[in-house]
Amino acid sequence: MGRILAIDYGKKRTGIAVTDPLQIIAGGLCTIPTVELFAFLEKYLNDEEVETVVVGLPRQTNGADSENMVRITPFVNRLRKLYPALPVEMYDERFTSVLAHRVMIDSGINRKARQNKALVDKISATIILEDYLESKRI
C-alpha cells in the first residue's frame, strides 16, 4: 500500500501533505514555491511509493469554480500526462484556509505565527487529505 499525497495548489506557494504508508494518518509535509512543484514531485515520487495524488478543488461557497481553477486545471493535466499510471483525484477544498486558521488558534499558535502563509498552506493540504481519507472510510 502506498502513500496518498495531497496538494493545496496556490499561485505562489503549494502546501503538501501525505499519509503514512498504511494510509491511516495524514500529516503536513511541506510548503514549496509553486514554480518548484514539478521538481519536488519528481523527486518525491521517485523516493516514495505514492498510490494516489489528491489535488484541492477550489470552489466558491455557491459551488462554482474559484479563480484559481484556471491554474489548477493545467497543473492537473500536466501531472496526469507525466504520471499516467498515478491516479490523480480532485477533492473539494472549500473552507480549508478558514479551518487551517482555526486549527492554529486552537493549538495556541501566536498571532504572528498565524500570519505565516506557508504554514496555512501546509495545514490546508493536511485538512484536504484528512477529509479525503474520511470520505473513503464511509
Side-chain angles (χ1 to χ4, degrees):
M1 184 176 266
R3 298 176 186 273
I4 300 174
L5 185 79
I7 298 173
D8 181 28
Y9 189 91
K11 183 178 180 180
K12 295 179 183 178
R13 290 169 315 280
T14 296
I16 309 286
V18 67
T19 65
D20 63 295
L22 296 176
Q23 301 178 4
I24 297 170
I25 299 169
L29 183 62
C30 62
T31 300
I32 58 171
T34 299
V35 297
E36 299 173 13
L37 182 56
F38 278 104
F40 169 85
L41 289 173
E42 180 180 4
K43 181 174 179 357
Y44 193 84
L45 294 173
N46 283 327
D47 293 347
E48 299 289 340
E49 183 181 347
V50 175
E51 184 176 299
T52 304
V53 174
V54 177
V55 179
L57 177 63
R59 299 267 191 204
Q60 296 177 16
T61 54
N62 65 3
D65 290 347
S66 80
E67 63 185 47
N68 200 30
M69 199 63 187
V70 298
R71 288 181 283 281
I72 290 177
T73 300
F75 163 72
V76 169
N77 290 340
R78 183 175 173 199
L79 186 61
R80 286 179 172 151
K81 185 176 180 180
L82 289 172
Y83 303 97
L86 182 64
V88 177
E89 296 188 34
M90 303 287 286
Y91 192 79
D92 191 347
E93 68 170 35
R94 272 181 283 192
F95 309 115
T96 55
S97 293
V98 172
L99 291 171
H101 279 98
R102 173 58 45 204
V103 166
M104 291 191 298
I105 290 168
D106 291 348
S107 62
I109 295 174
N110 68 42
R111 185 179 183 103
K112 184 166 176 71
R114 290 195 309 259
Q115 294 172 355
N116 179 349
K117 293 182 182 188
L119 180 58
V120 173
D121 292 338
K122 182 168 68 170
I123 293 172
S124 293
T126 306
I127 292 169
I128 292 166
L129 185 52
E130 287 172 340
D131 287 352
Y132 174 81
L133 290 172
E134 189 61 32
S135 76
K136 295 299 178 187
R137 289 183 184 122
I138 296 174

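Only heavy atoms go into these numbers, but all of them, side chains included; no hydrogens, no water, no symmetry mates. Computed from a predicted model, the values in this text were never measured in an experiment.
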Engineer: Looking at CZ of Arg3 and CG of Leu22, how far apart are the two atoms once the value is rounded to the nearest 0.5 Å?
Structural biologist: 9.5 Å
Engineer: Looking at Thr14, Ile32, Thr34, which hits side-chain contact (heavy atoms from CB on, under 4.5 Å) with Phe40?
Structural biologist: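 When side-chain contact (heavy atoms from CB on, under 4.5 Å) is applied between Phe40 and each of Thr14, Ile32, Thr34, only Ile32 qualifies.
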Engineer: State, yes or no, whether a side-chain contact exists between Asp8 and Ile123 at a heavy-atom distance under 4.5 Å.
Structural biologist: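 The answer is no; the side chains never approach within 4.5 Å.
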Engineer: Find out whether Ile24 and Thr19 are in side-chain contact, i.e. whether some heavy atom of one side chain is under 4.5 Å from a heavy atom of the other.
Structural biologist: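 Side chain of Ile24 against side chain of Thr19, heavy atoms only: no contact under 4.5 Å found.
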Engineer: If you round to the nearest 0.5 Å, how far is CD1 of Ile7 from OG of Ser124?
Structural biologist: 14.0 Å
Engineer: Can you check whether Thr52 reaches Leu5 side chain to side chain, under 4.5 Å on heavy atoms?
Structural biologist: no
Engineer: Between Tyr83 and Arg78, is the side-chain contact (heavy atoms from CB on, under 4.5 Å) condition met? List the steps.
Structural biologist: CA-CA 8 Å; Tyr83 303 97; Arg78 183 175 173 199; over 6 Å; no
Engineer: Once you round to the nearest 0.5 Å, how far does CZ of Arg13 lie from SG of Cys30?
Structural biologist: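 Reported to 0.5 Å precision, the distance equals 13.0 Å.
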Engineer: Return the minimal non-hydrogen interatomic distance between Tyr91 and Ile128, and the atom names on each side.
Structural biologist: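 Taking every non-hydrogen atom into account, CD2-O, 4.0 Å.
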Engineer: Which heavy atom of Val76 sits nearest a heavy atom of Met90, and at what distance?
Structural biologist: CG2-SD, 3.5 Å
Engineer: Which atom names give the shortest non-hydrogen contact between Ile4 and Leu129, and what distance separates them?
Structural biologist: CG2-CD1, 3.6 Å
Engineer: Can you tell me how far apart CG (Leu29) and OG1 (Thr126) are? Round to the nearest 0.5 Å.
Structural biologist: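 OG1 of Thr126 is found 9.0 Å from CG of Leu29.
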Engineer: Over 60° means perpendicular and under 30° means parallel, so tell me whether Phe75 and Phe38 are parallel, tilted or perpendicular.
Structural biologist: tilted
Engineer: Hey, could you give me the OG1/CZ distance between Thr73 and Arg71, rounded to the nearest 0.5 Å?
Structural biologist: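 Those atoms lie 11.0 Å apart.
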Engineer: Measuring from Tyr9:OH to Leu57:CG, what's the distance to the nearest 0.5 Å?
Structural biologist: 14.5 Å
Engineer: Is the closest basic N to carboxylate O distance between Lys136 and Glu89 below 4.0 Å?
Structural biologist: yes
Engineer: Answer whether the closest heavy-atom distance between the side chains of Val55 and Ile72 falls below 4.5 Å.
Structural biologist: yes
Engineer: Tell me the closest heavy-atom pair linking Gly2 and Gln23, and the distance in Å.
Structural biologist: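 Looking at all heavy atoms of both residues, the shortest contact is O-NE2, 2.6 Å.
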Engineer: Hey, quick one: are Leu133 and Ile25 part of the same hydrophobic cluster, counting side-chain heavy atoms closer than 4.5 Å, chains of contacts allowed?
Structural biologist: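 Result: no, two separate clusters.
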Engineer: Taking it one step at a time, do Val53 and Leu41 satisfy side-chain contact (heavy atoms from CB on, under 4.5 Å)?
Structural biologist: CA-CA 10 Å; Val53 174; Leu41 289 173; 5.9 Å; no
Engineer: So, for Arg80 and Val88, which heavy atoms are closest and what is the spacing to 0.1 Å?
Structural biologist: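 It is NH2-O, 2.8 Å.
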Engineer: For Glu51 versus Pro87, what's the shortest heavy-atom pair and its separation?
Structural biologist: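 The pair with the smallest heavy-atom distance is O-CD, 3.2 Å.
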